[in-house]
Amino acid sequence: MTSQASRKEVNQQPTQEFNQQLLEFIERSPTPFHATQNIASMLEDAGFEQLAEGDEWSLNEGGRYYLTRNDSSIIAFIQGVSTNTASSSLDVGIRMVGAHTDSPTLMVKPQPEKIKDYFQLGVEVYGGALLNPWFDRDLSIAGRVVYRDKQSNSLNKRLINFQRPVATIPSLAIHLDREANKNRTVNPQTDIPPILFEAGSDECKDFRTLLARQLLSEHDDLKDTPDIEVFDYELCFYDTQAPAQIGLNNDFIASARLDNLLSCFCGLQALLKVCADSQTPQTCMLVCTDHEEVGSASACGAQGPMLQTTLERMLPDGQARARAISRSLMISADNAHGVHPNYASKHDGNHVPVLNRGPVLKINANQRYATTSVTAALFRQWCELQAVPLQSFVTRTDLGCGSTIGPITATQIGVPTLDVGVPTFAMHSIRELAGSQDGYDLSRVMTACFNHQGPIGIA
Ligand code: CO
């Protein structure tokens, strides 16, 4: 039996369970708002207590806490316990895992109605979406809505998710574009406004009225206050096809938003595992932020102050905080490009990550990734400890390189950081593909990092 096959065998059942929960999580999380809500509810189930940014915090040793910002970013942490074995954050630093909650998508414009023969909605492209796969899909709509209750004259907000397919973007027939298989381009302003219904089949011509109707049908508790007026929203389209384990031998998982809800889920499971297993865990942290796909520059993005402010409130003394950060580590987790067998020349021949052969360390001399030899070596050790194979990625020298929250966080906080992720195909498509082994393995290595005893680093 090859080591690849035996690795599969040994972890078969926990990997299956992990994947099933992962796919359910992604399906229930069509937007960063839903992802944040779902992460929060899993944390609550594990005894984490919500902190409000507007309140004064008093944190207890051994306490489990989380906070959200903009309903779309979330930080969770276990406050380490000071013991004789010196596991407080001051002594041994903070183990952090970071990922992002957002994915490229189509977002509804503020005055979106386009009505002629059909009711269509104008959209903005969010992030670097691969647009071709959006055609001929059964699409739904989800996001956050702010409305006024006319009786009390109060503003309120709710998440919304139509769930069923309510829209589609049909392709143009090949007969009307004979060049479609050679030179097809997509104009995002004119080619992709989704169609919701035939004009006249619904008396409603105003999108906000449609939203009010959906709010009332989705939230039972609003039945008593049916007089509501939708003011504003952040809404996106998503594919209703459920995530699935696929391939003749179930080697793959196919889903929207694997980049990067897969990494969020890996980090969350690692944190929950530490809670379940350890009586006196060290200070461990999960940081899942929004807006990575558009550069992370926002109040709740990785370029904003959310993490810095949280660290200041955990360790108010500047001297102590600086000492703790120097002994800490951030694993920035975001998917990597596996080598596509049909396009292998897009990779450097010595750096060819394959699906199901383990997580991928991402390295870039120009600091598009934050990995250093020290942080890479630490990660490599935890992989060995867990018998998880490790691959590495560096972009072709004649191609540009993507980036992640890793370098941004390292720049903001000064924390030693590494970039890693599971290899995937079709990144930023409406349906991406990953290996069915790699997520569980990455999560186990994160757990090993959380459980690392003593200060992190090489003296
Ligand atoms: Co990503």
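Quick caveat, the model's predicted, so the values are computed rather than measured. Nothing fancy with the numbering, it's 1 onward along the sequence.
Looking only at distances, a side-chain donor or acceptor of T31 sits under 3.5 Å from a matching main-chain atom of H34. Proximity of a side-chain donor or acceptor of H428 to a complementary backbone N or O of G128 within less than 3.5 Å is detected. Checked by atom type and distance alone, the side chain of N366 never pairs as donor or acceptor with a backbone atom of R368 at under 3.5 Å. In this structure, S263 contributes its side chain and A99 its backbone to no donor-acceptor pair below 3.5 Å. Judged by distance alone, the side chain of N70 and the main-chain N or O of S72 form no donor-acceptor pair under 3.5 Å. Side chain of D441 to main chain of P359: no donor-acceptor pair is present (N/O by atom type, distance under 3.5 Å, no hydrogens or angles). The backbone N or O of A173 lies less than 3.5 Å from no partner atom in the side chain of S171, so there is not a single donor-acceptor pair. N11 places no side-chain N or O within donor-acceptor distance of the main-chain N or O of P14, the cut-off being under 3.5 Å. At least one donor-acceptor pair under 3.5 Å links the side chain of S298 to the backbone N or O of G301. Using a distance-only test at 3.5 Å, with no hydrogens or angles considered, a donor-acceptor pair links the side chain of Y65 to the main chain of N60.
Closest of all the heavy-atom pairs between I246 and A254 is CD1-CB, 3.9 Å. The two residues G406 and D419 have their closest heavy-atom pair at CA-OD1, 3.6 Å. In terms of heavy atoms, S436 sits closest to F252 at OG-N, 3.9 Å. The shortest non-hydrogen separation linking A270 to M446 is CB-CB, 3.6 Å. Scanning both residues, D290 and S73, for their nearest heavy atoms gives N-OG, 2.8 Å. For the pair G338 and L355, the tightest heavy-atom approach, listed with the atom from each and the gap, is CA-CD1, 4.2 Å.
Among the candidates L442, L378, L418, the single residue satisfying the side chain to side chain contact (heavy atoms under 4.5 Å, CB included) test with I331 is L418. Checked options L210, I160, V166; the residue passing with I141 is V166 (criterion: side chain to side chain contact (heavy atoms under 4.5 Å, CB included)).
Ring-centre distance between F119 and F197: below the 6.0 Å cut-off.
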Kindly determine whether F48 and Y66 satisfy ring-ring contact (aromatic ring centres under 6.0 Å, His included), including the steps that lead there. CA-CA 7 Å; F48 281 72; Y66 77 92; 7.3 Å; no
Yes or no on side-chain contact (heavy atoms from CB on, under 4.5 Å) for S443 and V445, after CA distance, side-chain angles and deciding distance? CA-CA 5 Å; S443 187; V445 181; over 6 Å; no
Taking it one step at a time, do D232 and Y147 satisfy side chain to side chain donor-acceptor pair (under 3.5 Å)? CA-CA 7 Å; D232 293 283; Y147 63 92; over 6 Å; no
Run the side-chain contact (heavy atoms from CB on, under 4.5 Å) test on T168 and F135 for me, step by step, so that the C-alpha distance in whole Å, both residues' side-chain angles and the decisive distance to 0.1 Å come before the verdict. CA-CA 7 Å; T168 184; F135 290 84; over 6 Å; no
Could you go step by step and tell me if E53 and R69 meet the salt bridge (Lys or Arg N to Asp or Glu O under 4.0 Å) rule? CA-CA 8 Å; E53 288 199 287; R69 189 178 279 197; 2.8 Å; yes
Step by step, would you call T289 with I405 a side-chain contact (heavy atoms from CB on, under 4.5 Å)? CA-CA 9 Å; T289 46; I405 60 158; 4.2 Å; yes
Run the side-chain contact (heavy atoms from CB on, under 4.5 Å) test on F207 and V230 for me, step by step, so that the C-alpha distance in whole Å, both residues' side-chain angles and the decisive distance to 0.1 Å come before the verdict. CA-CA 9 Å; F207 184 55; V230 170; over 6 Å; no
Under the salt bridge (Lys or Arg N to Asp or Glu O under 4.0 Å) criterion, do D71 and R158 qualify, and how do the steps go? CA-CA 10 Å; D71 307 318; R158 286 297 165 98; over 6 Å; no
Does N38 form a side chain to side chain donor-acceptor pair (under 3.5 Å) with S29? I'd like the steps, not just the answer. CA-CA 7 Å; N38 290 327; S29 306; 3.0 Å; yes
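Residues T240 and Q163 have side chains not in contact (no heavy-atom distance under 4.5 Å, counting atoms from C-beta outward). Proximity of D191 to P188: side-chain heavy atoms (C-beta onward) are nowhere separated by under 4.5 Å. Using a 4.5 Å heavy-atom cutoff, the side chains of N153 and R148 are in contact. Counting only heavy atoms from C-beta outward, the side chains of L258 and R431 never approach each other to under 4.5 Å. Put simply, the side chain of F18 reaches to within 4.5 Å of the side chain of C266, judged on heavy atoms. A 4.5 Å side-chain heavy-atom check between L121 and P193 finds every atom pair outside the cut-off. Between R213 and D202, the closest side-chain pair of non-hydrogen atoms falls below 4.5 Å. The shortest side-chain heavy-atom distance between I413 and L307 falls under the 4.5 Å cut-off.
Atoms CG and CD, on N161 and Q214 in that order, are 8.0 Å from each other to the nearest 0.5 Å. One distance of note links CG of L222 with OG of S217; it measures 10.0 Å at 0.5 Å rounding. Distance check: L262 CG to I26 CD1 gives 6.0 Å after rounding to the nearest 0.5 Å. Between D259 atom CG and H337 atom NE2 the span is 8.5 Å, to the nearest 0.5 Å. The distance from atom CZ of R444 to atom NZ of K273, rounded to the nearest 0.5 Å, is 10.0 Å. From L159, atom CG reaches atom CZ of R144 across 8.0 Å, with rounding to the nearest 0.5 Å.
The neighbour count for K223 NZ, taken as heavy atoms of other residues, nucleotides or ligands under 6.0 Å away, is above 12. The local environment of CD in Q308 is crowded, with over 12 non-hydrogen atoms from other residues, nucleotides or ligands closer than 6.0 Å. Taking a 6.0 Å sphere around NZ of K150, one finds it holds more than 12 heavy atoms contributed by other residues, nucleotides or ligands. Taking a 6.0 Å sphere around NZ of K109, one finds it holds more than 12 heavy atoms contributed by other residues, nucleotides or ligands. In the displayed structure, Y118 atom OH is contacted under 6.0 Å by at most 12 heavy atoms of other residues, nucleotides or ligands.
In this structure, R208 is not positioned above the aromatic face of Y233 in the sense of NZ or CZ being under 6.0 Å from the six-membered ring centre and within 45° of the axis.
Ring orientation note: the planes of Y369 and F393 are nearly perpendicular, at an angle over 60° on the 30°/60° scale. The aromatic rings of F77 and W57 lie tilted to each other, with the angle between the two planes from 30° to 60°.
Side chains of E17 and Q13: a donor-acceptor N/O pair is present below 3.5 angstrom, by distance only. Using modelled atom types, one finds no donor on one side chain facing an acceptor on the other under 3.5 Å when comparing D221 with H219.
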